[in-house]
S.K.: 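Structure incoming, see below.
Both ligands and their constituent atoms are indexed starting at 1 by order of listing.
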Amino acid sequence: MDEIFKGKFTQQEPIPNEGIAAAIDVMQSGRLHRYNTIDGEIAQAAQLEEEFAAQVGSRYCLAVASGGYALTTAMRASGVKPGDTVLTNAFTLAPVPGAIASIGATPIYVGVTEGLVIDLDDLRAKVSRSKYLLLSHMRGHICDMDELMRICGAAGVTVIEDCAHTMGANWNGTPSGRFGHFGCYSTQTYKHMNSGEGGLLVSDDAEAMARAIMLSGSYMLFDRHRAAPPPETFKRIKYETPNISGRMDNLRAAILRPQLRRLSEQCGKWNARYRVVEAGLKATPGLSLIERPEEEGFVASSFQFLLLDWDARQIKEVVDRCAKRGVEIKWFGGAEPTGFTSRYDSWQYAPYERMPATDRVLSGILDLRLPLTFSLDDCAMIARIIRAEVSAVWQQEAADQ
Ligand SMILES: *Cc1c(COP(=O)(O)O)cnc(C)c1O
């Protein structure tokens, strides 16, 4: 009998009890709005911002309604205007080009390597075409950030980091999100901290953060923020910046603060799961694992591998056979966007040029979540199932030739 995996790939852990208790306190107070405080009270949202800034070592932090909102706010606060172009990854998820489009700007896609990071040669070739790069650390893969910052610095390109998949990660010891002008994070359920929806942005630039705070809908209550530039920074900015309401509330912040305290412990658990799957898939014929550079302090809440240069038909067969055994794999090479998965040629509201080298990689990317509700034994079983099904399709193909 073939083993069948019974776990749920979308099942996250419960909110820690401490977070549930803090959420109940906020609900009992009735003061869910971040500016609804009584004398001497510091809002949960303001405390979360201080604690997150301390965690990543940024001067400023702002909590907002979603990761996508963090991206648009960071771009607006950095000066992106309608009609501008913004460089971004061809391998990413829909909210990234969507954030660019929502400002009336146009994405220019940069290719992906077999290491699943932005192709720095392609970036060098395209860097003069924009003043901005919205860099997505897609699925937690971090490129050579020193080289990326050199390329962008030399070209005068402002970098905004999408750290939806790299909260808690680092490159050579520097936290992800601390290289760019802004670092943007998501606290949506499937990311590294879970408040249902939510986002955070960090920066060291006082004026840009003052604009971000006004944009997020602070009214004239910006002095209630703590991880924020001093009130005099807002002198002109408070008149010049539109309110594009997207605040985080105290309920979400209360749920997140205990999760932030245990983030690094959680990151260790994700990586332990990743290493079990990686070991289980090593030397599977036809399957390429992704090399992780030594400088990359990654957090692997998901796992990717490549079936490079396989026929679409064979890849689909692997995905179907694994699904029958309870292993849910997403394929970025599918002709039609499905579920959360789409690719640059699915986003037809924006122009794109075909990128053959990138298409080759995208067509071979297979992706699975590794929620912390899976045990290490679960991960070993997942790897056995994938290995068996990839090998079966590979051998069948060899026999047919
Ligand atoms: C989830 C995600 C976002 C957007 O975050 P939301 O909080 O869902 O708006 C942005 N970029 C990437 C790569 C994501 O996975």
S.K.: Please list all pairs meeting ring pair (Phe, Tyr, Trp, His ring centres under 6.0 Å) that have one or both residues in residues 319-339, counting only residues at least two apart or in different chains.
M.R.: Phe91-Phe332
S.K.: Tell me yes or no: between the side chains of His181 and Thr158, is some donor less than 3.5 Å from an acceptor?
M.R.: no
S.K.: Quick one: which residue pairs count as a side chain to side chain donor-acceptor pair (under 3.5 Å) with a foot in residues 58-67, not counting sequence neighbours?
M.R.: none
S.K.: If a pair satisfies salt bridge (charged side-chain N to carboxylate O under 4.0 Å, His left out) and one of its residues is in residues 366-382, list it, with sequence neighbours excluded.
M.R.: Arg139-Asp367
S.K.: Under 6.0 Å between the ring centres of Tyr239 and Phe234?
M.R.: no
S.K.: Between ligand 1 and the protein, which N/O pairs are shorter than 3.5 Å?
M.R.:
from: ligand 1; atom 1: 5 (O); to: Ser186; atom 2: OG; distance (Å): 3.4
from: ligand 1; atom 1: 7 (O); to: Gly67; atom 2: N; distance (Å): 2.7
from: ligand 1; atom 1: 7 (O); to: Ser186; atom 2: OG; distance (Å): 2.7
from: ligand 1; atom 1: 8 (O); to: Gln188; atom 2: NE2; distance (Å): 2.8
from: ligand 1; atom 1: 9 (O); to: Gly67; atom 2: N; distance (Å): 3.3
from: ligand 1; atom 1: 9 (O); to: Gly68; atom 2: N; distance (Å): 2.8
from: ligand 1; atom 1: 11 (N); to: Asp162; atom 2: OD1; distance (Å): 3.3
from: ligand 1; atom 1: 11 (N); to: Asp162; atom 2: OD2; distance (Å): 2.8
from: ligand 1; atom 1: 15 (O); to: His165; atom 2: NE2; distance (Å): 2.6
from: ligand 1; atom 1: 15 (O); to: Lys191; atom 2: NZ; distance (Å): 3.0

S.K.: Can Ser302 and Gln304 be counted as having a side-chain donor-acceptor contact under 3.5 angstrom?
M.R.: yes
